[in-house]
Amino acid sequence: MTSTTYRAIRAKQTPSTITVYQAYSPEIADPALKAQTFVPPFSRDRMTWIKPSFLWMAYRSGWATKPRQERVLAIEITREGFEWALRHCCLSHYTPSEETSQEEWQKELRASPVRVQWDPERDLSLRPLDYRSIQIGLSGEAVRRYVDEWIVSTADVTDTMRQIDGYLKDGDVDAARSYLPEETPYILSEDLQEHLRMK
């Protein structure tokens, strides 16, 4: 089942968790895998971006080939944590509305520990599609909660990324597609959909 709603969250998920992706250098990825959460040299003082879309992560990291993005991690986090982030977010780009002025949005952006942006989803060839995928930037309190409370497990999916890339280079699109994780629409409450400008 897929969703082509203009703004929608599609993700690998269970009744209690959602999987997001991040790409790092081995210096950060290896300790994270060992500890099953992020530890130094990962910095809690920088904004860290999580992405539920596997193909958007593939696009961003170049199938795990770009410098300092050679290792792609699948991080399973609690739904409660994920939705806390969404409730405490501010959109990274101003959308004119009757409720919020640009000045109010700028004030909210500075104060919020979470930023959300909607970027074009990608197809298997990493071309942009005409609907959007969510990217979530965590800072301050949100990073602390993410690292200390939300993470259920971390797994290395670098080999999967590279296998898919290899099949695509060989022209075997069906084999490449068979390695993709199943991502289904993540259902949010009406108020969260409105907060994220999904409606």
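Here salt bridge (charged side-chain N to carboxylate O under 4.0 Å, His left out) pairs that include residues 142-153, with residues two or more places apart or in two chains, are Arg44-Asp148, Glu141-Arg145, Arg145-Glu149. Among residues at least two apart or in separate chains, salt bridge (charged side-chain N to carboxylate O under 4.0 Å, His left out) pairs with a member in residues 167-177 are Asp165-Lys169, Asp174-Arg177. Here salt bridge (charged side-chain N to carboxylate O under 4.0 Å, His left out) pairs that include residues 75-95, with residues two or more places apart or in two chains, are Arg87-Asp191.
In this structure, Leu124 CG and Ile164 CD1 are separated by 7.0 Å, a value rounded to the nearest 0.5 Å. Rounded to the nearest 0.5 angstrom, Ser139 OG and Arg46 CZ are separated by 12.5 Å.
Leu86 is not listed as a side-chain neighbour of His195, based on a closest heavy-atom distance of 4.5 Å or more. You'll find the side chain of Val72 stays beyond 4.5 Å of the side chain of Asp156, heavy atoms only. A 4.5 Å side-chain heavy-atom check between Ile9 and Ile187 finds every atom pair outside the cut-off. In this structure, Ile50 and Leu138 have side chains that are in contact, with non-hydrogen atoms separated by less than 4.5 Å. Looking at heavy atoms from C-beta onward, Leu73 lies out of side-chain contact with Thr158 at the 4.5 angstrom threshold. Using a 4.5 Å cut-off on side-chain heavy atoms (C-beta onward), Ile28 and Pro41 make contact.
Residues Gln69 and Ala23 come closest through the heavy atom pair CB-CB, 3.7 Å. In terms of heavy atoms, Trp118 sits closest to Leu196 at NE1-O, 3.2 Å. In plain terms, the two heavy atoms of Ser92 and Gln117 that are nearest each other are OG-CB, 3.1 Å. Here the closest heavy-atom approach between residue Glu183 and residue Pro52 is recorded as OE2-O, 3.3 Å. Between Ser112 and Val114 the shortest heavy-atom distance is OG-O, 2.7 Å.
Surrounding CG of Asp159 are at most 12 heavy atoms belonging to other residues, nucleotides or ligands under 6.0 Å away. No more than 12 heavy atoms of other residues, nucleotides or ligands shown are found within 6.0 angstrom of NZ on Lys107.
Without hydrogens or angle criteria, Arg7 side chain to Arg197 main chain gives a donor-acceptor distance under 3.5 Å. Thr78 places a side-chain N or O within 3.5 Å of a backbone atom of Gly81 that can act as its donor or acceptor partner. Panel note: side chain Gln13, backbone Thr184; a donor-acceptor pair is recorded below 3.5 Å. At distances below 3.5 Å, not a single donor-acceptor pair connects side-chain atoms of Ser125 with backbone N or O atoms of Arg127.
Under the 4.5 Å side-chain heavy-atom criterion for ILVMFWY residues, a single connected hydrophobic cluster contains both Val157 and Tyr179. Residues Ile136 and Tyr21 are members of separate hydrophobic clusters, defined by side-chain heavy-atom contacts under 4.5 angstrom among Ile, Leu, Val, Met, Phe, Trp and Tyr. Transitive grouping of hydrophobic side chains (ILVMFWY, heavy atoms separated by less than 4.5 Å) keeps Met198 and Tyr131 in distinct clusters. By the criterion of side-chain heavy atoms lying less than 4.5 angstrom apart, applied directly or through intervening Ile, Leu, Val, Met, Phe, Trp or Tyr residues, Ile77 is grouped together with Tyr24 in one hydrophobic cluster. Linking ILVMFWY side-chain heavy atoms closer than 4.5 Å, directly or via other members, places Ile134 and Leu188 in a single hydrophobic cluster.
Remark: the Glu70 side chain and the Ser25 side chain contain no N/O donor-acceptor pair separated by less than 3.5 Å. Arg132 and Tyr6 share a side-chain donor-acceptor pair at under 3.5 Å.
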For this session: Kindly determine whether Val116 and Cys89 satisfy side-chain contact (heavy atoms from CB on, under 4.5 Å), including the steps that lead there.
Result: CA-CA 6 Å; Val116 158; Cys89 82; 3.7 Å; yes
All N/O donor-acceptor pairs, side-chain side in residues 54-61, below 3.5 Å, sequence neighbours left out:
{"residue": "Trp56", "atom": "NE1", "partner": "Pro120", "partner atom": "O", "Å": "3.1"}
{"residue": "Tyr59", "atom": "OH", "partner": "Arg122", "partner atom": "NH2", "Å": "3.4"}
{"residue": "Ser61", "atom": "OG", "partner": "Met57", "partner atom": "O", "Å": "2.9"}
{"residue": "Ser61", "atom": "OG", "partner": "Ala64", "partner atom": "N", "Å": "3.0"}

Below 3.5 Å, can you tabulate the donor-acceptor pairs from side chains in residues 29-38 to any protein atom, sequence neighbours excluded?
{"residue": "Asp30", "atom": "OD1", "partner": "Arg71", "partner atom": "NH1", "Å": "2.9"}
{"residue": "Asp30", "atom": "OD1", "partner": "Arg71", "partner atom": "NH2", "Å": "2.8"}
{"residue": "Gln36", "atom": "OE1", "partner": "Thr154", "partner atom": "N", "Å": "2.9"}
{"residue": "Gln36", "atom": "NE2", "partner": "Leu33", "partner atom": "O", "Å": "2.9"}
{"residue": "Gln36", "atom": "NE2", "partner": "Thr154", "partner atom": "O", "Å": "3.1"}
{"residue": "Gln36", "atom": "NE2", "partner": "Thr154", "partner atom": "OG1", "Å": "2.9"}
{"residue": "Thr37", "atom": "OG1", "partner": "Val147", "partner atom": "O", "Å": "2.7"}

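Residue Ser53 is tested with Glu121, Arg10, Lys12, Gln135 for a side chain to side chain donor-acceptor pair (under 3.5 Å); the sole match is Glu121. In summary, of the residues considered (Tyr186, Tyr146, Trp150), a ring-ring contact (aromatic ring centres under 6.0 Å, His included) with Phe82 occurs for Tyr186 alone.
Val39 belongs to no hydrophobic cluster with other residues, because no ILVMFWY side-chain heavy atom falls under 4.5 Å from its own, directly or through intermediates.
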